[in-house]
Amino acid sequence: MPYTLTTPLYYVNDRPHLGSTYTTLACDALARFQRLSNGSVVFITGVDEHGQKIQRTAEARQLSPQQHCDAISARYRDLWSRWGISQDRFVRTTDPRHLQLVDQFFARVQASGDVISGRQTGWYCVGCEEYKDDPAEAKDPSCPIHQKPLEWRDEENLFFRLSRYQAAIEELVARDDFIEPASRRQEVRNFVARGLRDFSISRVNVSWGLPVPGHNGHTFYVWFDALLGYLTALLDDGGPVDLERLAQSGWPASVHVIGKDILRFHAVFWPAMLMSAGLPLPKKVFGHGFLTREGQKMGKSLGNVLDPELLLERCGADAVRWYLLRDIQFGDDGDFQQQRFVDLVNNDLANTIGNLLNRTSSMARKWFEDAVPPHTEAVDTTHALAKAADTAVALVMDAMASLKFKSAAEAVLQLAIAANGHLNDTAPWSRMKQPGQEQEVGNDLYAVLEATRIVGLLLAPLLPDLSSRILEQLAHPLDATSWRSQLSWGGLSSGHALPTPSPVMQRLELEEPL
RNA sequence: GUCAGAGUAGCUCAGCUGGUUAGAGCACAGGAUUCAUAACCCUGAGGUCGGGAGUUCAAGUCUCCCCUCUGACACCA
């Protein structure tokens, strides 16, 4: 049974922003961790390409919707590849296979008696593209967001009978392992407790969408279509589009990682749709927080959006991944502060970890013939650093499995700090000046190098690039099939040649603001 | 408005079921050191724990009131 995880399918209304990059980086770290520790993983990402908003954006750009989607989707794909995202599937909802899947799914939902036609009536805001819920002033209501009058609409739509799943969904969201982080459970529970209403799954006035079988002029409402993209992605393994195959293809998902804004769709509507279609439910939905910048919401109006492409070019993937994963409690909102970004990257990666490797490798080479020093039993698993490494490994395993990237990063850092401390305590540079101390110095340097190797290995899911640079300089590369055993103390071979050290992590020097 | 959550060192945050002098990281100051990417290591300063009242032998931790901020309140990805 593979570990299946998903990012949201990003809406291609606009180019990728930092928010979607953040989600994707976090998922990538999780996917890499699961691959290294368990093996089989299906990491899904992709794009959601239908809907009126996209249609209009395309029109404004004087492109066909398909051309627009092709362009933006390519941009996502390209950006993910430059960030080194390790997704197994990249699904597009304009893929013909997706249409097949949606039709199959819809047929099942229909067979369950969960599709009814009804009237969607109410006050509609064109700007929001949504019906407003019973505006207080009955006669001339206006949209509180757009300050424009609402239009009265009355149209025939298909509805999904969500109300039939009231009890089942209540039970689902009451569980403590389904919605994470815990801080977001209550609002979903409250929402469900207020009573679930049927929701419309088709539109009659949107041409850029998938046609609803048997209902001319209807297209599927984007949400119905988009969530199903997860299933399409799973079946995109070379085999036919057939819902029956899902169980062998990695469904149900182990976790859907999403932004907190779409938690409800994933924790309430989506499970009900799956129940209706007779499919198992995802095991977990994790709604992470949003990023602000220097305390302010990022937005076009403020002109303070942080462009992921720029960030990548100027700072590199390691730096950004580290900052986002190490400084923000995954689940909470986070604030991107340039000064702190630079401080943390330089302190943690360049100074604490990078310099640790650099100084230790230099000493080893200088006094032990360019190689890993010999060692005695004094450096077995009872050594203080061996214990520290053990602790770090255990903490990282536990933290990564539960998406606590910050805790994982801190555990790795602790090990590097302990190793630096050990060097300062034992001061090999001064002992080498005394006669007869080679053996002790060899042991100390071996222990520190070994701790550094484990630091490098532990960083593999979080910062794959830096990790491989570290391991390369220790001449003990990652073996992706035996990560866990490589993590045991003592894996470093004495006498193994060490290459000339050069800094594995450059300090960030940002002259001008990002 | 209703509901939920949050207000703890300059900044970002830990502080579980109430119990010795309130913690960490960054920033700041001082010291030590020279193997190293002016890096590393040690020490220090810095908080009336939003405000007020109450319960208790004892409250950042419980109760009430007030102030401020954030989020949710159905079909915006």
Side-chain angles (χ1 to χ4, degrees), chain A residues 8-14 19-20 47-54 93 120 122 125 127-134 136 145 157 159-160 162 183-201 203 221-224 226-227 258-265 268-269 289-290 292 295 326-329 332-335 337 339-344 346-367 406 410 413 416-417 419-425 427-432 441 445 448 501-507:
Chain A
L9 302 188
Y10 302 113
Y11 203 56
V12 296
N13 189 44
D14 205 350
S20 35
V47 286
D48 172 19
E49 306 181 283
H50 292 299
Q52 191 163 41
K53 198 171 275 184
I54 285 172
T93 59
Q120 176 92 317
C125 171
C128 299
E129 287 186 37
E130 73 182 34
Y131 285 91
K132 294 297 173 182
D133 197 25
D134 249 1
I145 301 164
N157 279 334
F159 281 74
F160 173 72
L162 179 64
S183 56
R184 287 188 222 294
R185 281 178 202 144
Q186 199 51 44
E187 71 185 44
V188 177
R189 288 173 185 166
N190 290 344
F191 171 79
V192 175
R194 278 193 292 270
L196 296 175
R197 307 206 292 253
D198 299 342
F199 65 94
S200 65
I201 56 171
R203 291 288 125 103
Y221 177 55
V222 277
W223 263 115
F224 190 81
L227 291 162
I258 53 170
K260 62 182 182 180
D261 55 331
I262 54 177
L263 182 56
R264 180 183 310 152
F265 290 94
V268 179
F269 297 176
F290 283 162
T292 51
R326 122 103 223 224
D327 201 37
I328 300 166
Q329 190 73 54
D332 291 356
D333 288 342
D335 190 35
Q337 296 177 316
Q339 187 60 54
R340 185 163 173 80
F341 170 48
V342 172
D343 285 341
L344 284 187
N346 290 349
N347 283 327
D348 299 344
L349 300 184
N351 299 348
T352 301
I353 293 175
N355 184 50
L356 169 68
L357 171 61
N358 200 252
R359 68 194 298 212
T360 316
S361 175
S362 294
M363 286 187 275
R365 283 172 49 88
K366 189 179 295 185
W367 303 317
K406 181 176 184 177
E410 282 171 345
L413 207 51
I417 288 170
N420 271 317
H422 187 73
L423 282 182
N424 283 66
D425 292 344
W429 50 90
S430 44
R431 298 178 86 180
M432 273 314 279
V441 171
L445 292 182
V448 174
S502 78
V504 287
M505 188 70 200
Q506 286 305 326
R507 298 170 61 83

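Sequence lines set the chain letters: A, B, ... in the order given, protein chains first and strands last, and positions in each chain run from 1.
For A:Asn351, no side-chain nitrogen or oxygen approaches OP1 or OP2 of B:U37 to under 4.0 Å. One finds no side-chain N or O of A:Tyr221 lying less than 4.0 angstrom from the OP1 or OP2 phosphate oxygen of B:A74. Dashed line: the shortest gap from a side-chain N or O of A:Arg365 to OP1 or OP2 of B:C35 is not under 4.0 Å.
Within 3.5 Å, no donor on the side chain of A:Ser362 pairs with an acceptor on the base of B:C35, nor the reverse.
Within the 4.0 angstrom heavy-atom criterion, base atoms lie near A:Met505. Among the protein residues, A:Ile417 comes within range of the sugar-phosphate backbone only, with heavy atoms under 4.0 Å from sugar or phosphate atoms but none that close to a base. Within 4.0 Å of A:Ala226, counting heavy atoms only, lies no atom of the nucleic acid at all. When heavy atoms are screened at a 4.0 angstrom cut-off, A:Gly195 is found touching base atoms of the nucleic acid.
Taking the six-membered ring wherever Trp is involved, the centroid distance between the rings of A:Phe199 and A:Phe269 falls below 6.0 Å.
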Exercise for the section: Go along nucleotides 22-34 of chain B 5' to 3' and tag each nucleotide: B for a protein heavy atom under 4.0 Å from its base, S when only backbone or sugar atoms are that close, - otherwise. Expected result: ---BSS-----SS
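Contact of the A:Leu9 side chain with the A:Glu49 side chain is not registered, since no non-hydrogen atoms from C-beta on lie closer than 4.5 Å.
Of the candidates B:C35, B:A74, B:U12, B:A74 carries the atom nearest the A:Arg197 side chain, counting heavy atoms from C-beta on. Residue A:Asn358 has its side chain nearest to B:U37 when only B:U37, B:C40, B:C76 are considered.
At a threshold of 4.0 Å, the pair A:Asp335-A:Arg340 does not count as salt-bridged, since none of the basic side-chain nitrogens sits closer than that to a carboxylate oxygen.
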Practice task
Please test A:Met363 against A:Leu423 for side-chain contact (heavy atoms from CB on, under 4.5 Å), starting from the C-alpha separation and ending with a verdict.
Solution key: CA-CA 11 Å; A:Met363 286 187 275; A:Leu423 282 182; 4.0 Å; yes
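Between A:Thr360 and A:Asn346, the residue whose closest nucleotide on RNA chain B is further toward the 5' end is A:Thr360. Both A:Ile353 and A:Gly421 lie close to RNA chain B; mapped to their nearest nucleotides by heavy-atom distance, the more 5′-ward contact belongs to A:Ile353.
Residues of residues 183-191 of chain A having a heavy atom closer than 4.0 Å to RNA chain B, listed by number: A:Glu187, A:Asn190, A:Phe191.
Helical stems in RNA chain B, defined as runs of 3 or more consecutive Watson-Crick or G-U wobble pairs with donor-acceptor distances under 3.5 Å: B:1-7 with B:67-73, B:10-13 with B:23-26, B:28-31 with B:41-44, B:50-54 with B:62-66.
Put simply, CZ on A:Arg507 is 7 Å from P on B:A38, counting in whole angstrom units. Spacing between atom CG of A:Leu356 and atom C1' of B:U37 amounts to 12 Å, rounded to whole angstrom units. Computed from coordinates, the A:Phe269 CZ to B:C76 C1' distance equals 12 Å when rounded to whole Å.
Distance check on atom C1': B:G30 versus B:C67 gives 41 Å, rounded to whole Å.
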